Amino acid sequence: MSKFRFFVILKVLIWYSQSAICETRRPHIIFIMADDLGWNDVGFHGSSQIPTPNIDALAYSGVILNNYYVTAICTPSRSALMTGKHPIHTGMQHTVLYGAEPRGLPLNETLLPQYLKGLGYSTHIVGKWHLGSYKREYTPLYRGFDSHLGYWTGHHDYFDHTAVENPGWGLDIRRNMDVAWDLHGHYSTDVFTKEAERIISNHNTSKPLFLYLAHAAVHSANPYNPLPAPDVDVARFNHINHYNRRRFAGVLSKLDESVGKVVQALSSRKMLENSIIVFTTDNGGPADGFNINAASNWPLRGVKNTLWEGGVRGAALLWSSLMLQPQRVALQTMHIMDWLPTLYFAAGGDTRNLGNIDGLNMWEALTEDQPSKRTEILHNIDDIYGNAALTVGQWKILKGTTYNGQWDSWYGPSGRTGTYNVSDVLNSLSGRALASIKKAANVSTIISMRTNAEVRCPDVTNTKENEKVVPCKLLNAPCLFNIQYDPCEKRNLAQAYPSILKQLEDRLDAWNKTAVPPGNLPLDPRGDPRFWDYTWTNFGDYSIISNVVS
């Protein structure tokens, strides 16, 4: 063998070796999404009413995302996460998908798990999908995921796993494409937690892992049992007088426990040291009976499916041992659609491969405390509802509203009367796992970050000279808020700054010119679960005798 050929072969072997090492060093990505969690439902934002020690431990060890935005309701947020595009650019901007609706997230979109599979990741979804299921090609296994244990529609009962929505009632729990009949009676949060633990335990650590854990909690279930939780967990919250809030606390405590068990599972496999963990809600909380639920967005205004801060400002955190500037409250502006380029970049991908998306890579901004690349947030434009909202810099415009303005107020509870137990945070499953790799925050850091993460409303009587404040009546006229000074949206400055209002209206018009029509379709009678053994199914893949559905 010639020396030249020897050195060529040696270089090739070295290159393959380095490539293999690079792949094994790609970080594991654990993306945990809560459903309908309110801004004020986590301890790290100041409430002491419902302890969330495992979630909080991650927040204080990583970064609390205090200027982070989601969309106002479920399907649009999940579509933005998966595509890196604003819902107005995929037709997903109006309300949610229904189990009998013959559509899904457009098939011409490349999704986050597909991009990560191109980098060598194993990809798994556990829990809620809600991006289309009327044909199998819209379901998770055909959109980039290797496995799925969970459900396809927007909610289900946590014990019997059935979903009630128009046009009927049916079972919705799947193990890949098969109906998981055997899980009847097993609590959803526990089922999803055990599956996440199983995936982590069985994962071949020579490959990077992407685990999307999309919980049912804390979304309300069916009307006959809207907030299901084990009685033993609800009983821990007898100090909460409000019945539904007490049951909500039981649901939330199980969610927090799940986060701790997942972090502990990563620690046991020594995967935690090379992991990125995201915890986020999908939209603002349904408070005060909205959606038969009892979340809290206090002191923010509005609820889920409104464009007030309470509907679109999300409780979230980012944790990773790869951070250069952890243990702080991040003030960088970010939107849920930014996760795709951010995580793809963190995984070693070239964001130029992502094409024409709306999301921005926020990795350096969040991990190194650099300025945010994002200067504006389009909250939504919904020409069916007739509402829209946009934040540019410190200014936010709102036009129109939902529910005829019935949910445009402020809703508690504040949860500020109890005692916050820092020891519970440090001794939680997450806290102990973080301590084992010397990444846990200390007491003074926890107290400082919690104080800095709390939103405080300004004194609305203290106005600037010649700054005219008028009541905000969205059914009559657009409103303008200085969201940096007034995050609680109490001081409508539309008449004080008409030129700024006009600039933001023009910007909304420019955005709307780029929008595609909403893809919503009438419900298909073939989707009624009663035709499919009372199971929500991919009805579009099967023929059915026409007179059965007539």
Side-chain angles (χ1 to χ4, degrees), residues 35 71-83 85-111 128-144 148 150-156 162-172 174 177 214 219 282-283 291 304-305 307 337 358 380-388 400 402-403 511-532 534-550:
D35 197 343
T71 73
I73 200 167
C74 173
T75 296
S77 266
R78 292 163 202 263
S79 73
L81 166 67
M82 287 293 157
T83 64
K85 295 182 179 181
H86 197 283
I88 69 165
H89 292 150
T90 58
M92 308 299 287
Q93 65 268 49
H94 178 67
T95 192
V96 298
L97 266 164
Y98 294 97
E101 193 175 357
R103 68 169 177 130
L105 184 61
L107 296 175
N108 62 342
E109 298 294 341
T110 303
L111 307 192
K128 178 175 173 176
W129 175 235
H130 208 194
L131 288 174
S133 57
Y134 95 99
K135 288 187 175 181
R136 63 174 61 89
E137 59 191 350
Y138 288 94
T139 61
L141 297 192
Y142 295 82
R143 305 306 299 264
H148 178 217
Y151 58 108
W152 289 346
T153 65
H155 75 279
H156 72 184
T162 64
V164 175
E165 66 175 44
N166 193 19
W169 167 88
L171 184 67
D172 190 9
R174 296 270 169 171
M177 292 298 295
H219 197 293
D282 61 341
N283 46 251
N291 272 165
K304 169 185 177 179
N305 209 23
L307 298 181
M337 64 188 173
D358 300 308
N380 202 25
I381 300 172
D382 190 326
D383 290 333
I384 297 176
Y385 279 151
N387 70 336
T402 48
Y403 309 105
W511 271 108
N512 207 9
K513 289 176 182 177
T514 72
V516 300
N520 306 71
L521 293 172
L523 300 184
D524 190 323
R526 296 177 302 159
D528 192 327
R530 69 190 175 97
F531 299 128
W532 310 102
Y534 287 93
T535 302
W536 292 100
T537 194
N538 47 310
F539 62 90
D541 288 321
Y542 306 100
S543 60
I544 185 170
I545 300 173
S546 59
N547 63 7
V548 173
V549 296
S550 61

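Since the model is a prediction, treat every value here as computed from it, not as a measurement.
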OH of Tyr534: more than 12 outside heavy atoms within 6.0 angstrom? no

Hey, is the main chain of Ser77 close enough, under 3.5 Å, to the side chain of Asn283 for a donor-acceptor pair? no

Might you point out which heavy atoms bring Ile381 and Trp511 nearest each other, and give the distance in Å? CD1-CB, 3.7 Å

Quick one: closest heavy-atom pair of Ser79 and Leu105, and the distance? CB-CD1, 3.7 Å

ring-ring contact (aromatic ring centres under 6.0 Å, His included) with Trp532: of Phe539, Tyr542, Tyr134, Trp169, only one passes, and it is Tyr542

Do Asp35 and Lys128 make a side-chain contact, defined as non-hydrogen atoms from C-beta onward lying under 4.5 Å apart? yes

Run the side chain to side chain donor-acceptor pair (under 3.5 Å) test on Asn305 and Tyr403 for me, step by step, so that the C-alpha distance in whole Å, both residues' side-chain angles and the decisive distance to 0.1 Å come before the verdict. CA-CA 9 Å; Asn305 209 23; Tyr403 309 105; 2.7 Å; yes

Are a donor atom and an acceptor atom from the side chains of Asn538 and Tyr138 found within less than 3.5 Å of each other? no

Output yes when a side-chain donor or acceptor of Arg136 lies under 3.5 Å from a complementary backbone atom of Met177, and no otherwise. no

Test item: Asp382 side-chain N/O and Tyr385 main-chain N/O as donor-acceptor pair under 3.5 Å: yes

Ignoring hydrogens and geometry beyond distance, is a side-chain donor-acceptor pair present between Thr139 and His148 at under 3.5 Å? no

Test: Arg78 cationic atom under 6.0 Å from Trp129 six-membered ring centre, within 45° of axis: no

Parallel, tilted or perpendicular for His219 and His155, by the 30°/60° rule? parallel

Could you verify whether a donor N or O on one side chain and an acceptor N or O on the other, from Thr153 and Trp536, lie under 3.5 Å apart? no

Do the side chain of Glu101 and the main chain of Leu521 share a donor and acceptor less than 3.5 angstrom apart? yes

With a 4.5 Å cut-off on side-chain heavy atoms, are Thr71 and Pro87 touching? yes

Where does the angle between the aromatic ring planes of Tyr151 and His156 fall among parallel (under 30°), tilted (30 to 60°) and perpendicular (over 60°)? parallel

What's the spacing between Thr75 OG1 and Met92 CE if we round to 0.5 Å? 6.0 Å

Judged by atom type as modelled, is there a donor-acceptor pair below 3.5 Å linking the side chain of Asn520 to the main-chain atoms of His94? yes

Find out whether Thr90 and Val516 are in side-chain contact, i.e. whether some heavy atom of one side chain is under 4.5 Å from a heavy atom of the other. no

Minimum heavy-atom separation for Ile384 to Pro518, with atom names? CD1-CG, 4.0 Å

Are the side chain of Lys85 and the backbone of Ala80 linked by a donor-acceptor contact shorter than 3.5 Å? no

For Leu97 versus Gly132, what's the shortest heavy-atom pair and its separation? CD1-N, 3.3 Å

Please list, chain by chain and in numerical order, all residues satisfying ring-ring contact (aromatic ring centres under 6.0 Å, His included) with Tyr98, sequence neighbours excluded. none

Would you indicate whether the side-chain heavy atoms of Ile88 and Thr514 approach each other to under 4.5 Å? yes

